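Because the structure is a prediction, the values reported are computed rather than measured.
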Amino acid sequence: MFGNTDPLGEKIRLENASCEVIGLLEAKGASSFGSDQDDIVLMPIKAFQLRVTGSSDISMIYVSAATGVSTDRTLVDIEALMRERRRISDGEEDDFSVRDMKQMASMLTGITDVLTGLLSAVAAVSLLVGGIGIMNIMLVSVTERTRKIGIRLAVGATANQVLLQFLVEAIVLSMIGGVVGILLGLGLAAVASSFMAIPFSPDPAIVAIAFLFSACVGVIFGYFPARSAARLDPIEALRHQ
């Protein structure tokens, strides 16, 4: 509202009330729910009720437990106090609700775990499909180059050398796909962050892990075609047309 200038002593208007700024809160950023914790104005409750809402109703009260005090015990005490203040008899249901942040954190953790599981399943299926694609490409490559493989084996190449050749090809192929995927993912993340007005800060370690994982996919799914090439009989391979 005031840019880079000091807001202390300035005036802001809330509804029809003109208020003086007497303090500035430290920045907190987004909450666990994604809401902006810095988009808030605090003022004395009596002034708010008299000059803004015209009502003495209170919709929410935040309570902080002292260090070392059990929040479970605090929750029970608050419920008992609220029932007493609101004159709720035994057997009657509460006309209020008390929530513990631990319960909300547990709920968020559960939701996060479910989303992580779903994303992991999608990633696993994508890796499986991509790995099968690499394996099929390498099998076709082995079939088309059977005669060349036979010549290499006939002139002295060992089975391990042929195996290594096709493994390297599979790894290079999967790493190229990994680079393309990483660039595409970073590009889409940058576009999304610009639209959502959130900072774009990729983690180099995660990018490196993704790149190495793509190489591992090449090793795993490229081993079978490479082994098939290494096990070819040179005589039978040379007869291949």
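- A 4.5 Å side-chain heavy-atom check between Tyr223 and Met135 finds every atom pair outside the cut-off.
- Other residues, nucleotides and ligands place no more than 12 heavy atoms under 6.0 Å from the CD1 atom of Ile22.
- Remark: Lys11 NZ is packed, more than 12 non-hydrogen atoms of other residues, nucleotides or ligands lying under 6.0 Å away.
- In terms of heavy-atom proximity, Ser56 sits nearest to Gln49 at O-NE2, 3.3 Å.
- If you chain together hydrophobic residues whose side chains sit under 4.5 Å apart, Val172 and Leu164 fall into the same group.
- Distance alone, capped at 3.5 Å, is enough to place a donor-acceptor pair between the Arg83 side chain and the Ser89 backbone.
- Other residues, nucleotides and ligands place more than 12 heavy atoms under 6.0 Å from the CZ atom of Phe200.
- Comment: Asp38 does not engage Lys28 in a salt bridge, judged by the lack of any side-chain N to carboxylate O separation of less than 4.0 angstrom.
- A donor atom on one side chain and an acceptor atom on the other are not found under 3.5 Å apart for Asn160 and Thr158.
- Side-chain contact between Ile40 and Leu42 is present, with heavy atoms from C-beta onward closer than 4.5 Å.
- Contact record, Phe2 with Ile12: CZ-CG2, 3.5 Å, taken as the closest heavy-atom pair.
- Closest approach of Glu79 and Val98 over heavy atoms only: CG-CG2, 3.7 Å.
- Under the 3.5 Å distance criterion, the side-chain polar atoms of Thr143 are matched with a main-chain donor or acceptor of Leu139.
- Annotation for Asn16: atom CG does not count as buried by contact number, only 12 or fewer foreign heavy atoms lying within 6.0 Å.
- Across all their heavy atoms, Ser174 and Ala215 have their closest contact at OG-CA, 3.9 Å.
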